[in-house]
Enquirer: 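Once you've had a glance at the structure underneath, I'll fire off some questions.
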2 protein chains.
Amino acid sequence: MGYSEAKYKKIKQSIKTNILKGLITTNEKISSESQLMKEFKVSRHTVRLAIGELVNEGWLYREQGAGTFCADRRESNLSSINENNKNIAIVTTFISEYIFPTIIRGAESYLSEHGYNVSIFNTNNQYNQEEKILTQILSSNYAGVIIEPTHSASANPNLKYYLNMEKEKIPYVMINAMYEELEPVSFSLDDVKGGFLQTKHLIDLGHRDIVCIYKTDDAQGQNRLKGYIKAHRECNLRLNPKNIITYQTENEHSKPIDDLKELLKVKADCPTAVVCYNDQLVLRLLDFVREEGIKVPEHLSFVGYDDSLLAELSEVKLTSVIHPKSELGRDAARAIIRLIQKNNQIDPGEDLSKLYEPQLKIRHSTAPIDKDLAI
Amino acid sequence: MGYSEAKYKKIKQSIKTNILKGLITTNEKISSESQLMKEFKVSRHTVRLAIGELVNEGWLYREQGAGTFCADRRESNLSSINENNKNIAIVTTFISEYIFPTIIRGAESYLSEHGYNVSIFNTNNQYNQEEKILTQILSSNYAGVIIEPTHSASANPNLKYYLNMEKEKIPYVMINAMYEELEPVSFSLDDVKGGFLQTKHLIDLGHRDIVCIYKTDDAQGQNRLKGYIKAHRECNLRLNPKNIITYQTENEHSKPIDDLKELLKVKADCPTAVVCYNDQLVLRLLDFVREEGIKVPEHLSFVGYDDSLLAELSEVKLTSVIHPKSELGRDAARAIIRLIQKNNQIDPGEDLSKLYEPQLKIRHSTAPIDKDLAI
DNA sequence: TCCGATTTGTTCGTATGTATG
DNA sequence: GCATACATACGAACAAATCGG
């Protein structure tokens, strides 16, 4: 039998997970050995091996005749180190994505100025990775956590870990999106308004057939879509369902471009403008439309999102929604320090959260509609 | 059976006594399990129970296939904190610079797979900031450091900190550049060759007046400049001193563009090609030349460096030197873990360092010279 | 206080997998 | 490739402590 899949290790992990999720609290009795035998369909020996190691690692303690109980890890392990605990964890979905470095840097500079260390973690937008990281943070020694939620559009399977963080009095703040059930301190752009601004700008320029292309497995994209729809409603414009293109992390490389290609084929009611999930997507689409001989913005206007480096470096400078990257990072850092200092208990009146008002930076990728130049 | 006379406890006591009597010394092999079974006339399970507890108490350690050995208790006591030390510091000059996130991510993914935490620090390419960070790392609890040297071209005022890290047996590896005095384990691109490739490609295309624009306050830029000169030498080409533009971090926003502007004014012996310090610089220059009505690559060829996201997203796709970003990050991570495991002492024969062979990715920003199209 | 059910503690036997030299 | 050593896993039995009735 392979070591990595050792049964006793699975049992260990399971028990440890339950502790970290807060399902078993200090001095609470865990299942008896015979119960665990049934549950995992293993021999008593195997159960005892698992429990034995957890006892040695300080997670549990045993009392003959009474049972096995959850140990109080804080006292034994942390008390000595705790005073010097100046570690902050920053958890992002994609470190290398183009706007994150700026956010991280904003946070890092503020935190290091205040004597904190910054550890970074990467979920790759995957729940199991997020779980692993939360597990690690909970069993290590962090004073606070700045986290961007994974797959923020769906219900979160790791909710228990967040609740346990609250119980363990480890403050956390969320950036860019949030799990609303938790009502966390959060820092994010008003994405509904952002999507609204993107769309309204084009409507004001006379556009009527506006395609939107949004990634909808995170809350950001879903909210931007809401804003896109809202702008149409407010202007009493008919909304063509065909003009709404959505994609997920999994198919982000193919679907947006394929679907837009399909739309541009039909010359009747052809779109005159496109709002995009972010600047990077715009640039990829610009490549494609250039090959097709479509001119931007004369034939087709584009609005980006994030106002990233790309928006300024591209040939056609992008009209884009300004994302307060660096400021957001600093604000999140300031808030987490405040929470740490206040021992995670702030006055009800003091709302640390911030919803940033988006603004549109108008450059050269959008122009008034010109019917004579229709594609 | 009474607990006080538990067989496994007797075995424990016997082994412990032998160690304390000096009959078994550090790293000496004790009797195998089967020998102990015969000696004490007990089952294997009982022997394992005794040994298991002694392992947990730090008296022994086991090696599968080899045997069970007497542990060095002095060390284990001192390094009991170090056993759990799974923190790696990554120190970069500019976190948000466009290629760093990819390097960091390469390192982070490998390190987190191996159970390490990653802390990041940012020197902003300033010595005093580097000093602050090194101070902090030395006074905290890091198992290893991956660092990009600050101002790598000049003599380093923080050398003592590096020497002290060696004394404290904190392994470090350098990326992208190195302080040669230290002869560190390092991972970097062969920048001389990179600059050579940039230039040689243009010479091969028939260009003779080639401008180079390099940042020379780091070793990367200085080496690329060397490569640029070397390419001219090898091809027996006259080198026009006016064609060498250098700049520093402080004036990177103005000097490159101003100097190039100056050069292009003079119609006599006007350059036909430009090699740049990195892709980002190329894109900024592309903006400027576009305004001037200069076409790329017809009138003026450009070669970038790093093969970044920008090279593929720009309108004119950039010919650029490939930087092994992610691979370099992983390699550095692998090396630091190896150094930690080997307690910073590797065999002289085992050279962990790696100098990456650069390659040129040819895209559309370079073309054969065409005298008829001279600017 | 004692009983009985439950729970952990100790010990035996056996078998097979995996790493080392 | 082989013997040896440790690693994982099953089954069974009895001892000792705890707890509710």
Side-chain angles (χ1 to χ4, degrees), chain A residues 1-16 18-19 24-72, chain B residues 1-16 18-19 24-72 76 114 338 341-342 347:
Chain A
M1 193 171 296
Y3 285 178
S4 56
E5 18 164 323
K7 293 182 182 178
Y8 83 94
K9 288 196 173 166
K10 282 182 186 163
I11 300 172
K12 262 184 79 172
Q13 192 52 51
S14 164
I15 295 172
K16 215 158 122 177
N18 283 337
I19 294 173
I24 311 169
T25 59
T26 303
N27 295 322
E28 190 182 332
K29 189 172 172 302
I30 72 164
S31 310
S32 72
E33 291 175 355
S34 55
Q35 282 173 316
L36 289 170
M37 284 168 69
K38 280 178 204 159
E39 188 183 335
F40 290 97
K41 295 189 172 62
V42 294
S43 69
R44 180 152 173 240
H45 182 91
T46 305
V47 171
R48 281 186 65 76
L49 189 56
I51 291 176
E53 293 205 352
L54 288 171
V55 168
N56 278 318
E57 291 167 21
W59 296 87
L60 303 172
Y61 63 92
R62 296 194 263 213
E63 280 182 16
Q64 186 175 3
T68 305
F69 305 84
C70 180
D72 188 349
Chain B
M1 193 174 297
Y3 281 1
S4 54
E5 17 165 325
K7 293 184 183 178
Y8 83 96
K9 289 196 173 168
K10 284 183 185 165
I11 301 173
K12 264 183 76 173
Q13 194 52 51
S14 163
I15 295 172
K16 218 157 118 179
N18 283 339
I19 294 173
I24 313 170
T25 58
T26 302
N27 295 323
E28 192 182 332
K29 189 173 173 299
I30 71 164
S31 310
S32 75
E33 290 175 355
S34 54
Q35 283 173 315
L36 290 169
M37 283 166 70
K38 282 177 203 160
E39 187 182 336
F40 290 94
K41 294 190 172 59
V42 294
S43 72
R44 178 146 176 247
H45 188 94
T46 305
V47 171
R48 281 186 65 75
L49 190 57
I51 293 176
E53 293 205 351
L54 288 171
V55 167
N56 278 319
E57 291 167 19
W59 296 87
L60 303 173
Y61 63 91
R62 293 194 264 215
E63 278 183 18
Q64 185 175 1
T68 305
F69 306 85
C70 179
D72 187 345
S76 72
H114 289 74
R338 178 115 183 99
Q341 286 171 345
K342 287 280 169 182
D347 307 331

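Throughout, protein chains are lettered first and strands after them, A, B, ... in sequence-line order, and every chain is numbered starting at 1.
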Enquirer: Of the non-hydrogen atoms in Ile24(B) and Cys70(B), which two are nearest, and what is the gap between them?
Expert: CG2-CB, 3.8 Å
Enquirer: Looking at dA7(D), dA5(D), dC19(D), which one has an atom nearest to any side-chain atom of Arg48(B)?
Expert: dA7(D)
Enquirer: Provide, to the nearest angstrom, the distance between the OH atom belonging to Tyr61(A) and the C1' atom belonging to dT8(C).
Expert: 14 Å
Enquirer: Near DNA chain C, under 4.0 Å by heavy atom, which residues of residues 34-43 of chain A?
Expert: Ser34(A)
Enquirer: It should be established whether Thr46(B) places a side-chain nitrogen or oxygen under 4.0 Å from OP1 or OP2 of nucleotide dC12(C).
Expert: yes
Enquirer: Could you tell me how far apart Glu53(B) (CD) and dT11(C) (C1') are, to the nearest whole angstrom?
Expert: 14 Å
Enquirer: Hey, is Lys9(B) close enough to Glu53(B) for a salt bridge, meaning N to O under 4.0 Å?
Expert: no
Enquirer: Please tell me which of the listed nucleotides, dC10(D), dT8(C), dT8(D), lies nearest to the side chain of Ala6(A)?
Expert: dT8(D)
Enquirer: Any side-chain N or O of Lys7(A) under 4.0 Å from OP1/OP2 of dC10(D)?
Expert: yes
Enquirer: When you check the phosphate oxygens OP1 and OP2 of dA5(D), does a side-chain N or O of Thr68(B) lie under 4.0 Å from one of them?
Expert: no
Enquirer: Nearest whole Å is fine: how far is dG9(C) C1' from Leu60(A) CG?
Expert: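 Computing the Leu60(A):CG to dG9(C):C1' distance gives 16 Å.
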Enquirer: Rounding to an integer number of Å, can you tell me how far Lys29(A) NZ sits from dT18(D) P?
Expert: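 Spelled out: NZ on Lys29(A) to P on dT18(D) is 14 Å.
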Enquirer: Answer with yes or no whether Gln64(A) presents, from its side chain, a donor or acceptor under 3.5 Å of a partner atom in the base of dT18(D).
Expert: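 Donor-acceptor pair under 3.5 Å: no.
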Enquirer: What do you reckon, is NZ of Lys29(B) surrounded by more than 12 foreign heavy atoms closer than 6.0 Å?
Expert: yes
Enquirer: Nearest 0.5 Å please: distance from the NE2 atom of His45(B) over to the NE2 atom of His45(A).
Expert: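 Atom-to-atom, His45(B):NE2 and His45(A):NE2 are 5.0 Å apart.
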Enquirer: Minimum heavy-atom separation for Arg44(A) to Glu33(A), with atom names?
Expert: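 Closest pair (atom of Arg44(A), atom of Glu33(A), distance): NE-OE1, 2.6 Å.
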Enquirer: Can you check the Phe69(A) CZ to dT8(C) C1' distance for me, whole Å?
Expert: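 Whole-Å distance recorded here is 10 Å.
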Enquirer: By nearest nucleotide on DNA chain D, pick out whichever of His45(B) and Glu33(B) is the more 5' one.
Expert: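 Taking each residue's closest nucleotide, the earlier one in sequence belongs to Glu33(B).
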Enquirer: Using salt bridge (charged side-chain N to carboxylate O under 4.0 Å, His left out) as the criterion, list what pairs up with Lys16(B), not counting sequence neighbours.
Expert: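 Scan of Lys16(B) (salt bridge (charged side-chain N to carboxylate O under 4.0 Å, His left out), adjacent residues dropped) gives none.
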Enquirer: Return no unless some side-chain N or O of Arg62(B) is found under 4.0 Å from OP1 or OP2 of dA5(D).
Expert: no
Enquirer: Please assess Asn27(B) against Tyr61(B) for the test side-chain hydrogen bond (donor to acceptor under 3.5 Å, both in side chains), listing each intermediate value before the final yes or no.
Expert: CA-CA 9 Å; Asn27(B) 295 323; Tyr61(B) 63 91; 2.9 Å; yes
Enquirer: Of Leu49(B) and Arg44(B), whose closest DNA chain C nucleotide lies nearer the 5' terminus?
Expert: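 It is Leu49(B) whose nearest nucleotide is closer to the 5' end.
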